[in-house]
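In what follows, a single structure is set out as structure tokens and then discussed.
Just so we're clear, the structure is a prediction, and the values are computed from it rather than from any experiment. Both backbone and side-chain heavy atoms feed into the values below; hydrogens, waters and symmetry mates do not.
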Amino acid sequence: MATKVALVTGASSGIGESAARHLKDAGFTVYAAARRVDRMAGLRDAGVHTLALDVTDDASARAAVAQILAEQGRIDVLVNNAGYGSYGALEDVPLSEAQAQLDVNVLGLARMAQLVLPQLRAQRSGTIINISSMGGNFTTPLGAWYHASKYAVEAISDALRMELAPFGIQVVVVEPGSIRTEWGAIAAANVRETSARGPYRAQAEAVATALGNSSQPGARMTSSPEVVARAITAAATARRPRARYRIGFGAKPLVFAHRILPARVFDRLIQRGMGISG
């Protein structure tokens with residue numbers, strides 16, 4: 001049997017980098033893709049193929065998928081991990097930034113799925129793993145556009161799972177909790193840039209502090225990217241993977257709390273957790 005081939009987007013750091021390594025160790029031929037190839041030198045040294053990829057650029061995405069098919073003749077697993085967190089009060093966020101958030105987190109994911117699906121259907125097999133978030137189930141203050149993007153990922157994944165079942169293609173959602181990566185520091189800088197000088201400045205500083213703390217080495221109440229990478233690998237290697245893998249600090253209890261608590265009670269829980277009073 002031919003070695004299975006996996007493509008991981010957003011693989012230059014954090015969850016994507018860890019997933020690429022774990023899939024390689026599990027026996028996959030792995031293509032790690034990101035905008036900055038120079039940041040993937042360690043993966044290349046570990047035997048992972050690296051590709052330049054901007055999921056918002058149609059030509060870049062088509063070239064990446066074409067290269068993999070030319071070199072390997074197949075794609076078995078797509079890990080849609082590329083994404084970032086655009087934070088700021090809805091009143092402050094320019095709609096151009098909202099569009100950029102959706103372009104990466106939603107339309108970029110859909111673009112990659114569209115490009116690999118003809119091959120997966122021809123094979124009548126394959127797995128698409130979409131990295132969502134526990135924040136695809138509930139929201140936090142100043143994160144409207146980020147959460148909107150992850151809610152969309154959940155909906156797209158549910159529709160795809162039903163559409164692709166007749167072709168033997170699995171669709172999986174991974175919903176990480178609080179994970180120790182540079183994502184938090186980037187989101188913290190984003191919220192300060194957007195809302196730190198206006199009427200939402202107190203909330204912005206509290207949210208930025210909470211997000212930034214999650215990126216610190218050894219941060220409490222966070223999980224390692226390895227936890228997510230193991231779940232991704234489990235889904236990629238399972239004959240019949242679960243529809244959802246909810247993993248990492250806070251994911252299961254917070255989603256459960258959101259389901260059972262009255263909305264305003266849950267609001268207060270989240271606000272306290274983010275250090276917001278009032």
Query raised in the report: Do the rings of His258 and Phe138 sit parallel, tilted or perpendicular, given the 30° and 60° boundaries?
Result: tilted

Could you tell me the separation between the [atom1] atom of [X] and the [atom2] atom of [Y], rounded to the nearest 0.5 Å?
X      : Y      : atom1 : atom2 : answer
Ile68  : Tyr31  : CD1   : OH    : 6.5 Å
Leu102 : Leu109 : CG    : CG    : 12.0 Å
Met40  : Arg35  : CE    : CZ    : 11.5 Å

Do [X] and [Y] belong together in a cluster built from hydrophobic side chains that touch within less than 4.5 Å?
X      : Y      : value
Val207 : Met134 : yes
Ile128 : Val153 : yes
Ile169 : Met162 : no

Return yes if a side-chain donor-acceptor contact under 3.5 Å exists between [X] and [Y], otherwise no.
X      : Y      : result
Glu226 : Ser18  : yes
Gln119 : Gln123 : yes
Glu175 : Tyr245 : no
Gln99  : Asp103 : yes

Quick one: does [X]'s side chain get under 4.5 Å of [Y]'s, heavy atoms only?
X      : Y      : answer
Thr29  : Val48  : no
Leu90  : Asp92  : no
Pro176 : Ile131 : yes
Tyr87  : Arg192 : no

What closest approach, in Å, do [X] and [Y] show between heavy atoms, and which atom pair accounts for it?
X      : Y      : result
Gly14  : Thr181 : CA-CG2, 3.9 Å
Asn105 : Ala82  : OD1-O, 4.4 Å
Gly248 : Val227 : N-CG1, 4.1 Å
Arg201 : Ala196 : CB-O, 3.2 Å
Ser149 : Val106 : O-CG2, 3.5 Å
Ser157 : Val171 : O-CG1, 3.6 Å

Query raised in the report: Step by step, would you call Ser215 with Glu182 a side chain to side chain donor-acceptor pair (under 3.5 Å)?
Result: CA-CA 5 Å; Ser215 286; Glu182 64 181 19; over 6 Å; no

Query raised in the report: Checking side chain to side chain donor-acceptor pair (under 3.5 Å) against His147, which of Thr140, Thr139, Asn137 comes through?
Result: Thr140

Requested in this report: Could you go through the side chain to side chain donor-acceptor pair (under 3.5 Å) check for Gln67 and Glu71 one step at a time?
Outcome: CA-CA 6 Å; Gln67 180 179 334; Glu71 293 176 358; 3.2 Å; yes

Requested in this report: Carefully, step by step, assess Gln101 and Tyr146 under the rule side chain to side chain donor-acceptor pair (under 3.5 Å).
Outcome: CA-CA 7 Å; Gln101 177 78 122; Tyr146 171 71; over 6 Å; no

Requested in this report: Compute both the distance and the angle, then confirm whether Arg259 meets the cation-pi test with Phe256: under 6.0 Å from the six-membered ring centre, within 45 degrees of the axis.
Outcome: no

